[in-house]
Amino acid sequence: MTATPRAGDPVITPALVAEHGLTPDEFTRLVNMLGRQPTFTELGVISALWSEHCSYKHSRPVLRTLPTKAPWVLQGPGENAGVISIGEGLAVAFKIESHNHPSAVEPYQGAATGVGGILRDVFTMGARPIAMLNSLRFGSLDTPRVRYLVGGIVKGIGDYGNCVGIPTVAGDIMFDAAYEGNPLVNAMCVGILREEELIRAKAEGVGNPIISVGARTGRDGIHGASFASEDLSHNSDAKRPRVQVGDPFTEKLLLEATLELIASGNVVAIQDMGAAGLTSSSAEMAERGEVGVVIDTLKVPVREQGMTPYEILLSESQERMLVVAHKGREEAVRAILAKWDLHAEVIGEVIAEPVYRVVEGSHVVAEFPGTRLVTDCPMYTPEAKEGAAVIALRARDVHAIPSKPQEENPTWTLTQLLSSPTIASKQWVYRQYDSTVRTNTVLGPGAADAAVLRIRGSKKGLAVKTDCNGRYVYLEPRVGGRIAVAEAARNVACTGARPRAITNCLNFGNPKKPEVFWQFKEAVGGMGEACTALDTPVTGGNVSLYNENPSGAVYPTPTIGMVGVLDDVSRATGLAFRGPGDPIVLLGDLTNELGASEYLSWIHGVVAGAPPACDLKRERALIETLVESIQAGHVKSAHDCSEGGLAVALAECCIANPNAQVGATVSLTQWDHLPARATLFGEAQGRAVLTAANLPALLEIAGKHGVPAQVIGSTTPATDGLSIAVSGTNLTATLAELSYAYHGALERAMSKSISSALPTAEVPA
Amino acid sequence: MKFRVAVHILPRRGILDPQGKAVTEALHSLGFAEVAEVHVGRHLAIETQADSADAARAAVKAMCDKLLANPVTEDFVIASVEAV
Amino acid sequence: MKFRVAVHILPRRGILDPQGKAVTEALHSLGFAEVAEVHVGRHLAIETQADSADAARAAVKAMCDKLLANPVTEDFVIASVEAV
Amino acid sequence: MKVGIIRFPGSNCDEDAWFAIVNDLREQAVMLWHKDTDLQGSDVVILPGGFSYGDYLRAGAIARFSPIMQQVATHAARGGVVIGICNGFQIACEAHLLPGALLRNDVGYRAMPVTIRVERTDSPLTAAATVGQCLTMPIAHGEGRYTASEDDLDRLEQAGQVLFRYVDSAGTPTTQSNPNGSMRNIAGICNANRNVVGLMPHPERAMEPLLGSSDGRVLFESLLATVNA
Ligand SMILES: Nc1ncnc2c1ncn2[C@@H]1O[C@H](COP(=O)(O)OP(=O)(O)O)[C@@H](O)[C@H]1O
Ligand SMILES: [Mg+2]
């Protein structure tokens, strides 16, 4: 059969091809593949499948270099989500995904539908979602537009997850002018399943019906996938109607129905209709199963009259899934969905003939030979070259930057840093997220370096966290890529969990720019090195390119979503000091590193210097020390040193729990060869601040792993405040002043916002 | 002069209106089978000072454009302007 | 016949309307100092079959009494009934 | 004790309630589907938290018309115990099983631990507690601002129907300790017959020290004491 145009189809012109984002070479490839001119419908299908978002055409060769295997990895990259075994027959499915472009245009719905999409990716594997995380990057909060974005995005994430009833338990947020105009919204979902329940999105079995499940198809978000592959420019505003609206209520029904459907054994495969909707879900399922498919657009349940096959295939209406069922079980499938007030409609069939065919009743509107529609896309390896500007910034001698007069008093500097939105408590955000629903949250947002969840019926627990310091990656991509993994692993290990595997979301600029592609290659390289060294393979992820606007690209931001396992969840350790009289132990060492620090950026407005060195052997040793000593019960609290350095980490340990604050008296005078500001605010890697339950045992374990460990002070009653002796000066602060700076900063910044009155921040009721 | 201006804000046609859908289905199950469609939006009653009704209307339109309605997903109508 | 009925549902006077207050403050901070007060309620657009405009109005009133408005805290007004 | 937990489309604290009864209290529980028409001999009915019907229109407004709500009303009219938690409280108010209404919080959605003070012990949810006892447990809601007319509130107070109030760490109801703008800091009430109780905080999320608080236990133990009395 051959596809022929429908009455009223636009004529295929070079301009129309260009509008669909296809290069002339790509179009030639399409014509060769078909052996004829494409129909309009075929052009639409290919423009979606060969978009960056679906095809990974600029990133796939680089991604292939990442380590993806370990005995506990049950499913690596290539499926809806990665899956690892955690023993006892239990497995964890998890994945992170970006919704940057939709959120920039319509923050509330863009972020909400991002959460919806990643949830579906996890429950289509047969896993019950148990936790959500989110990683956000914004410009400066001084800008009303940024406050509007923050308000809408946070509310969108909260409303969706809260309504579905999945706790949002962790994440990370940073603010930097580099993200002005291009906020990053990465959402991660973690689910749990029994190993035997794992199901893959692989169409199989000739004659099996293909079923559309869930919401009806409307004209929402047509070409969202190609949209996500373009720079945000001024005329993006004209593309606004593409934005989809989420319905978390339907999602909740879909979640329950899907898990019931999988348990029923009636289905072969399930996939979310995400970016490029029906097109990509059906093509990807066919490709994995190496089978042909036929789909009849007249059978797809639609929300609006007169939708064309083109629109039906490319719609990104939310809360829909594509199911391949066993032949003859159609009624059983319908019955399960009907229980949840959802529809299921047979819209096609798995066929032996190796083609991807779309019909509208009896009219063939698209037909592609072969079953490799997605991977037959052209692959590119663009030129990669480091930008001269970054080389110069990195080479700058940041120690030559003079201190400000106010820094004479290091308490001033500390309170300034604690109120930097990047460091300050994110309570304003996570108070909008239900973090305790499902009653598994042992350590929620703000309580520990990573969130900890118990697993019912097991002694084990999971620790999860997202991280990435884009400023480090910008200034030295390979090192920044390593640090992103190392920091996420450290955060997870600080709760007592062994880091096990990662998912990642690669947020970069336009890959056709040599300096951007260089960042991409280097950062992924560094990430891979760290994953190998820390034994945390990559199980999946997502690439978001073209995060640019006329003023430039975002910082290269390879967000890491880390999953770790605690053997005994009752040992899970928080970051807050637990009471007076405990010895404070510093694991790791102090260095004279200030480059790329939050101190330079927030206090001096300087983004320069090399990021701190990241020695992966030492990171590994630190992690081993943390896991072993915490699981043995020798540790009362643990917090790693990250943005703001040791002084900020110590302050956070004192004030993190607003209801039970604890003072500390610390001496760092043995490092008097270092400048005080490097000692206090330098961001040397591989460090953590602990309080010991059993000091000799802790020191012994550190010694065994070759990790420097010293007692630097002890905890005191809250009334004693925080005091840190450094060479030549003394930092003393009341906990009240530290708390005011840290706990109130974000709320104060956002209270200038009018976003709480904005409509996007108000609907639905 | 003081005016009371009423504004209706409704989800744009064609954009998913989950709230309207839920209410429609609820009305059906309550026996109001004759209901074809419901859309749920916001009603704003704004009391404001202006020199004339036209000026009040223009000011409220500016408020809607700037803040009250979401240009991406909603349409608004200024339903009435009354002197009070 | 088919009718489009518009309903306004507003928080009863005297009941705290934090949303209205937030909108008022936001308008002030955007420079609309002339705004005295804003109340935010719901606007419903209902398309329904009925034999006459009066019958449509009566049916919608019944829907409001039963489901659409909360008698404890809200007042509703059937603002318009139009044949379509 | 047999507890029937009603699952509405959009309920999401139904399993949490089930675990609280079955795992923590070691009593019997049964999940009841909203389309069911039989309470299966439940002594106590729990309307759990969540977003029934997406909370579209108003929280709880659509769920109250679910088929099983007729049985719940009959059970309540016969003096049977009904507990509405969070969304369940909203449903109970919409169904007129409890007086008043729960409006949108003055500050927007809030998820955080709160402290509530037990005001009365003559209710099935507080029988095992003591007056003035302070309990810490999570809230997680956007529409929990308890509202009624001043007269109705006076009547509620007089009849001892206010069971819980939001308080500070010293046990005093203050504006600061009120997380949602509830009138008179009300966190939970009962009906005039004292057999239907609604509260916004989540006692079923505060059953184990591992999760940060076991202050919810005393409320579930109260149910047990009431049913076995
Ligand atoms: N977007 C968010 N959503 C939920 N929790 C968050 C978010 N951002 C930060 N948090 C929580 O706040 C705490 C501090 O986070 P972060 O500053 O990233 O810690 P660290 O510096 O150790 O990586 C963590 O418990 C984290 O999970
Ligand atoms: Mg940390």
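Excluded from the calculations below are hydrogen atoms, water molecules and symmetry mates; all remaining heavy atoms, backbone and side chain alike, are included. Protein chains get the first letters and strands the later ones, always in sequence-line order, with residue 1 at the start of each.
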Assess the residue pair D:Ser169 and A:Asn659 against the criterion (side-chain contact (heavy atoms from CB on, under 4.5 Å)); give the C-alpha distance rounded to whole Å, side-chain angles, the decisive distance to 0.1 Å, and a yes or no. CA-CA 9 Å; D:Ser169 54; A:Asn659 300 321; over 6 Å; no
Heavy-atom check, side chain of A:Glu256 versus side chain of D:Arg7, under 4.5 Å: yes
With a 4.5 Å limit on heavy-atom distance, are the side chains of D:Val107 and A:Arg431 in contact? no
Most chain D-contacting option - heavy-atom pairs closer than 4.5 Å, from A:Asn440, A:Val442, A:Leu253, A:Asn162: A:Asn162
Near A:Arg578 CZ, under 6.0 Å, is it more than 12 heavy atoms from other residues, nucleotides or ligands? no
Residues, nucleotides or ligands: over 12 heavy atoms within 6.0 Å of D:Gln70 CD: no
Atom pair CD (A:Gln432) and CE (D:Met112), whose distance is rounded to the nearest 0.5 Å: 12.5 Å
Could you tell me if the side chain of A:Lys155 sits less than 4.5 Å from the side chain of D:Tyr109, heavy atoms only? no
Within 6.0 Å of CZ in D:Phe65, more than 12 heavy atoms from elsewhere: yes
I want to check something: taking the side chain as every heavy atom from C-beta on, are D:Leu211 and A:Thr441 in contact at a cut-off of under 4.5 Å? no
Would you check if A:Asp247 and D:Tyr56 make a side-chain contact, meaning some heavy-atom pair closer than 4.5 Å? yes
D:Ser11 versus chain A, heavy atoms under 4.5 Å apart: side chain, backbone, both or neither? backbone
Kindly compute the distance separating OG (A:Ser435) from CZ (D:Arg205), expressed to the nearest 0.5 Å. 8.5 Å
If you take all heavy atoms of A:Lys339 and D:Lys35, which pair is closest and at what distance? O-NZ, 3.6 Å
Do A:Val569 and D:Leu210 come close enough that some side-chain heavy atom pair is under 4.5 Å? yes
Side chains of A:Arg454 and D:Glu208 in contact at under 4.5 Å (non-hydrogen atoms): yes
Does any N or O in the side chain of D:Asn12 come within less than 3.5 Å of the main-chain N or O of A:Cys163, such that one atom is a donor and the other an acceptor? yes
For the pair A:Phe249 and D:Tyr53, name the ring-plane relationship: parallel under 30°, tilted 30 to 60°, perpendicular over 60°. tilted
Given the rule in the salt bridge (Lys or Arg N to Asp or Glu O under 4.0 Å) test, do D:Arg110 and A:Asp434 qualify, once you have shown the distances and angles that lead to the verdict? CA-CA 8 Å; D:Arg110 272 286 176 282; A:Asp434 188 346; over 6 Å; no
When the 4.5 angstrom heavy-atom criterion is applied to D:Pro9 and chain A, the contacting part is both
Residue part contacting chain A, namely of D:Asn87, when any heavy atom lies under 4.5 Å: neither
Got D:His202 and A:Thr439 here, is their nearest side-chain heavy-atom distance under 4.5 Å? no
